[in-house]
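Not measured: the values here are computed from a predicted model. Chain letters run A, B, ... following the sequence lines, proteins first and then strands; every chain starts at 1.
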2 protein chains.
Amino acid sequence: MTARAAAHAHTSHNHRACIDDALATARELCATRGVQLTPLREKVLHIVWRSHKPMGAYEVLDELARSHKAARPPTVYRALDFLMAEGLIHKIESLNAYLGCIEAGAPHSGQFLICQKCGATEEIVDPKLETALEAAARRAHFQPVRKVVEISGLCARCGK
Amino acid sequence: MTARAAAHAHTSHNHRACIDDALATARELCATRGVQLTPLREKVLHIVWRSHKPMGAYEVLDELARSHKAARPPTVYRALDFLMAEGLIHKIESLNAYLGCIEAGAPHSGQFLICQKCGATEEIVDPKLETALEAAARRAHFQPVRKVVEISGLCARCGK
DNA sequence: GCTCTTGTTGTTATGTTGTACCATCCGCAT
DNA sequence: ATGCGGATGGTACAACATAACAACAAGAGC
């Protein structure tokens, strides 16, 4: 079980390895693609990965500003936009917050289970759900581009 | 085919009947439930229903203010909150905008097809998709409360 | 009739999230 | 050395949303 495969928000895991793995994957991907994962962008990615809870842009900014005095809203949003464009993070629309992507490199919109109690958010990859989304769109002669799936409720721990 | 059943954003239909039907249903529902669909709230519902495009709260405010001088942001947000609580409108999270609900009375989170070109947004009710969502949550021992499904892309017309 | 309670609306101010726009810097190819 | 493109610095502002308290209206119980 790799660190990233263990990225279930509700399970305890070696989160340092989890982060390190995500950063390593990001560096590889960006090198391959010929895009720049600059120190600033990597720092933002690292901050987002510090927890499995979606993080608001201004939370990221506060954290970033501790080591980067020049940080301003555009600084953060530009980095977040880059990371999203490269598929390294996702935006959770229902929270206006950002979360590290567990399947970086494979372009996808993401499917999320968001705990309303503890905030932990797990990205899932469910082929049947994906199929159902495609089918629903097809039925309406609709060409899907981005599929937002965010299920809020109680995670395995909090729901007990 | 009733007006509401014809509420496909991309099809031409008698939108006046569409609105009238939605308002009549809303009045019935609120009467049954013993909650107040006040003139203000009804006016906001009417404004949201004027199109099949999700409407921002401040757009609603601008429209409302034409006939209601006292309108302020809280005026609109309170009305929208009431209408959402009663299941008469939905919030489209990926747009920060609001849309009339085509299945008022049946509590549901809604599934949406959002055209990126023309803005028309169609609410769909797809049992298989619903099942897939439930199954995905169940697999993770997650208790779903709200399910956000928003598919952006090109509608039948714009995708041709 | 009185007044208590509850729900709705008025009103001001502020908090939160996200962008427009232009300047500056830096590496690199010409 | 010059110009170019990508990245960052920095100011201001736009867009979205809520806190907090005042005013008012209508029904319930006395």
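Only Tyr77(B), Arg78(B), listed by number, bring a heavy atom of residues 76-88 of chain B to less than 4.0 angstrom from any atom of DNA chain D. Residues from residues 36-46 of chain A that place a heavy atom under 4.0 Å from any atom of DNA chain D, listed by number: Gln36(A), Thr38(A), Leu40(A), Arg41(A).
Apart from Ile92(B) itself, the hydrophobic cluster it occupies contains Leu95(B), Leu99(B), Phe112(B), Ile114(B), where clustering links Ile, Leu, Val, Met, Phe, Trp and Tyr at side-chain heavy-atom distances under 4.5 Å.
Here salt bridge (Lys or Arg N to Asp or Glu O under 4.0 Å) pairs that include residues 50-60 of chain B, with residues two or more places apart or in two chains, are Arg50(B)-Glu63(B).
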Could you list all N or O pairs between the protein and nucleotides 26-30 of chain C that sit under 3.5 Å apart?
none

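Under the 3.5 Å distance criterion, the side-chain polar atoms of His68(A) are left unmatched by any main-chain donor or acceptor of Leu61(A).
Atom SG of residue Cys101(A) and atom NE2 of residue His90(A) lie 3.0 Å apart, to the nearest 0.5 angstrom.
For Pro74(A), whose side chain is taken as the heavy atoms from C-beta onward, the closest listed nucleotide among dA17(D), dT11(C), dG10(D) is dG10(D). Distances were taken from every side-chain heavy atom of Ala57(B) (C-beta onward) to each of dT11(D), dT11(C), dA17(D); the shortest belongs to dA17(D). Counting only heavy atoms from C-beta on, Ala70(B) has its side chain closest to dG10(C) among dA17(D), dG10(C), dG10(D). Minimum atom distance to the side chain of Thr75(A) is reached by dG9(D), of the listed dG9(D), dT11(D), dC16(D).
Within 6.0 Å of the CZ atom in Arg27(A), the count of heavy atoms belonging to other residues, nucleotides or ligands exceeds 12.
The aromatic rings of His15(A) and Trp49(A) lie tilted to each other, with the angle between the two planes from 30° to 60°.
By the stacking rule of 5.5 Å between ring centres and under 30° between planes, Tyr58(A) does not stack on the base of dT16(C).
Direction of the helix axis in the helix from dG1(C)-dC30(D) to dT30(C)-dA1(D) shifts by 10° between the two five-pair termini, rounded to 10°.
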